[in-house]
Amino acid sequence: MDRLDRASLLALAALIAVSVVLMRGHEPRPKPDPDLQLRIAAARTPEARAELEAGATAARNLIESGNLGEAEALIRELQRKFPYQGEPHMLMGDLRMRRQQPVPAMEEYKSAIELDPDYLDKKTPRFQGKKLKVAVGEALSEIERHLAQKPGDAALKRQKKVIYYLYRKIAGSCG
Amino acid sequence: MSACQRQPVAETGRVYRIGYMICNSEQETLHRFRPMTAYLGKKLGVTFEMKAIDTVDFTREAENLDFTHTNSLLYIIMHRNQGVDILAAERSGSLGARAKGLIITLKKRGIRTVKDLRGRTMVFGPALGPTSYMAQLDLLLKNNIDPDNDLSAYSIPHGSFKHEKVVYGVLLGAYDAGAVPLLDFERMAADDRIDADDFAVLAESPPIPYCNFGVTQKTDDRLAERFKEAVLGITKDTTVEIDGETVRVLDRANVDGYEDITDGDFDVVREMAKRTNMPPYQRY
């Protein structure tokens with residue numbers, strides 16, 4: 001065996017060793033949760049949509065009549081049953097605004113528009129862009145008030161980033 | 001690129017809804033604004049359907065409307081909660097596009113100041129009327145009078161024509177004082193239904209925007225702009241053919257005209273709502 005043969009063997013051994021290390025470090029892709037898949041599929045059935053719509057209508061009526069405690073309980077139930085629908089988050093945002101909590105409202109509205117981009121599409125009947133702009137403006141005012149007192153607060157800075165993310169999303173439509 | 005194609009200003013065949021806040025009565029509201037609605041439909045080439053809506057139900061209906069006609073308190077509520085934008089302010093009476101709320105009493109009652117109302121009775125107009133309840137509540141609170149605890153009793157009349165019922169309630173001695181919009185008080189005096197000299201005005205609120213046209217967030221912006229131009233362009237000579245007769249639009253609406261206004265002009269209403277714990281800033 002000459003020097004070239006030995007070098008080739010060493011390189012091969014090193015390659016095998018690195019491959020073993022990499023393979024051991026690789027985490028297998030998690031198997032899809034069959035229950036989750038079923039829930040997502042179930043939420044798209046006509047029956048589920050009707051249930052969501054009825055619940056949303058009831059929640060809106062409760063909000064409009066000032067029954068915020070009951071509205072919140074109903075909306076939480078809708079969020080649990082329909083975790084991938086935007087409507088429950090939009091409703092929770094509306095509730096937070098009625099409670100004069102624009103910053104938590106902003107977080108809910110963010111979830112709503114990420115789950116359902118139609119809320120920012122003026123060509124759809126679900127458009128809520130102008131309402132969201134008012135809410136985000138109030139949230140920004142509140143955050144800036146708090147930042148004036150605590151300029152280094154990391155949580156407030158993160159919230160401000162969310163505000164500007166929402167402003168970009170709201171402004172992003174074609175007009 | 002196709003996602004950015006603009007939709008037509010007015011969709012062919014579509015009926016656009018204008019919600020009119022009921023003022024005095026549903027019948028009077030429809031009578032006043034039917035010619036206005038017909039004129040705007042002809043001017044814009046669209047079909048408008050008018051709907052008279054009670055103040056307490058208006059915000060529930062906003063999502064089903066395209067345009068709104070309301071007082072300034074309802075506007076700021078819908079702007080915050082439903083994204084309604086302002087289009088034009090309505091002019092009527094001595095203050096034009098502004099309104100004031102009065103606290104009135106009969107001179108012979110001997111009540112001289114707002115502070116003298118402590119332990120007295122009072123009658124207010126509709127709770128969602130900025131110059132029939134909120135403005136007067138603001139005046140009372142500024143004088144350290146909480147109506148719930150410091151008046152012997154207060155009430156709000158039922159049914160239609162509440163502002164007039166407030167004035168008659170004070171005139172006929174049922175209440176020591178009443179909360180009424182300046183405009184309605186002036187009109188009743190001008191019609192000789194009351195003698196203004198019988199009354200003392202204990203306080204008047206700062207001026208706030210009067211009634212207005214608004215547009216809901218789903219309505220096409222260009223249609224909204226045309227609607228605004230059409231409203232601002234209405235003059236005392238503007239007429240419309242309706243039910244076989246020619247009607248002057250402003251005369252029938254009992255309005256002097258319309259003028260431009262910005263959302264910022266309503267900040268005075270917002271500040272008043274915050275001071276009085278009224279919607280949209282009510283804390284439960």
Side-chain angles (χ1 to χ4, degrees), chain A residues 53 56-72 87 90-102 105-106 108-109 112-113 117-139 141-142 166 170-175, chain B residues 1-9 11 14 17 53-66 68 74-87 127-128 214-225 263-264 266-267 270 273-274 277-284:
Chain A
E53 189 52 43
T57 300
R60 265 182 236 113
N61 285 336
L62 287 168
I63 291 172
E64 285 299 326
S65 54
N67 290 316
L68 301 186
E70 291 183 39
E72 182 166 2
E87 185 79 9
M90 183 60 68
L91 288 165
M92 189 60 87
D94 291 347
L95 180 86
R96 294 281 175 236
M97 286 300 288
R98 299 305 174 101
R99 285 210 166 120
Q100 316 308 325
Q101 298 167 341
M106 173 196 72
E108 294 288 347
Y109 287 145
I113 64 176
D118 277 358
Y119 284 126
L120 294 182
D121 186 348
K122 191 139 195 220
K123 296 184 293 297
T124 75
R126 294 169 77 72
F127 178 71
Q128 297 287 304
K130 293 188 180 180
K131 177 190 83 180
L132 296 179
K133 196 173 170 185
V134 172
V136 171
E138 282 197 28
S141 295
E142 183 167 307
L166 287 172
I170 290 166
S173 67
C174 298
Chain B
M1 287 302 288
S2 63
C4 288
Q5 281 172 2
R6 315 277 306 266
Q7 284 206 323
V9 172
E11 296 171 37
R14 193 193 145 177
R17 286 197 187 89
I53 307 169
D54 204 309
T55 49
V56 297
D57 298 323
F58 207 102
T59 56
R60 276 179 227 269
E61 290 286 334
E63 292 284 327
N64 302 322
L65 303 173
D66 298 284
T68 61
L74 277 178
Y75 165 70
I76 66 164
I77 292 171
M78 291 190 294
H79 177 75
R80 188 178 193 255
N81 294 345
Q82 280 109 3
V84 169
D85 268 338
I86 193 66
L87 288 181
L128 285 177
V215 58
T216 63
Q217 61 183 345
K218 292 177 220 179
T219 304
D220 182 86
D221 288 338
R222 286 174 297 160
L223 178 61
E225 192 57 38
D263 180 73
F266 291 83
D267 286 347
R270 292 183 175 103
K274 287 174 187 171
N277 196 33
M278 289 284 287
Y281 304 108
Q282 189 173 23
R283 291 180 185 272
Y284 295 90

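When reading the values below, keep in mind they use all heavy atoms of this one structure, side chains included, and skip hydrogens, waters and symmetry mates. Here is how names work: the chains are called A, B, and so on, in the same order as the sequence lines, proteins then strands, and each is numbered from 1.
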4.5 Å side-chain heavy-atom contact, B:E63 and A:Q128: yes
Short side-chain to backbone donor-acceptor contact, B:Q217 and A:K131, under 3.5 Å: yes
Could you measure the distance from the OH atom of B:Y281 to the CE atom of A:M97? Nearest 0.5 Å is fine. 8.0 Å
Honestly, the part of A:R126 sitting under 4.5 Å from a heavy atom of chain B is neither
If you draw a 6.0 Å radius around CZ in A:R99, do more than 12 non-hydrogen atoms from other residues or ligands fall strictly inside? yes
Against chain B, work out which of A:P125, A:A135, A:G69, A:G137 has the most heavy-atom pairs shorter than 4.5 Å and name it. A:P125
Need one label for B:T219: side chain, backbone, both or neither, based on atoms under 4.5 Å from any heavy atom in chain A. backbone
With a 4.5 Å heavy-atom cut-off (strictly below), which parts of residues 76-84 of chain B touch chain A? List them by number. B:H79, B:R80, B:N81, B:Q82, B:G83
Residues in side-chain contact (heavy atoms from CB on, under 4.5 Å) contact with A:E142, at least two apart in sequence or another chain: A:P102, A:V103, A:R145, A:H146
Given 3.5 Å as the limit, does a donor-acceptor pair link the side chain of B:K218 with the main chain of A:K123, or not? no
Closest approach of A:K122 to B:D221 (non-hydrogen atoms, all atoms of both residues): NZ-OD1, 2.7 Å
Between CD of A:E64 and CZ of B:F58, what distance do you get to the nearest 0.5 Å? 12.0 Å
Residues A:K133 and B:D85 bridged, charged N to O under 4.0 Å: no
Winner by heavy-atom pair count (cut-off under 4.5 Å) against chain B, out of A:L132, A:N61, A:T124, A:I63: A:N61
Which atoms of A:E138 come close to chain B, meaning under 4.5 Å heavy atom to heavy atom: side chain ones, backbone ones, both, or neither? side chain
With the side chain counted from C-beta on, respond yes when A:S65 and B:R60 share a heavy-atom pair under 4.5 Å apart, and no when they do not. yes
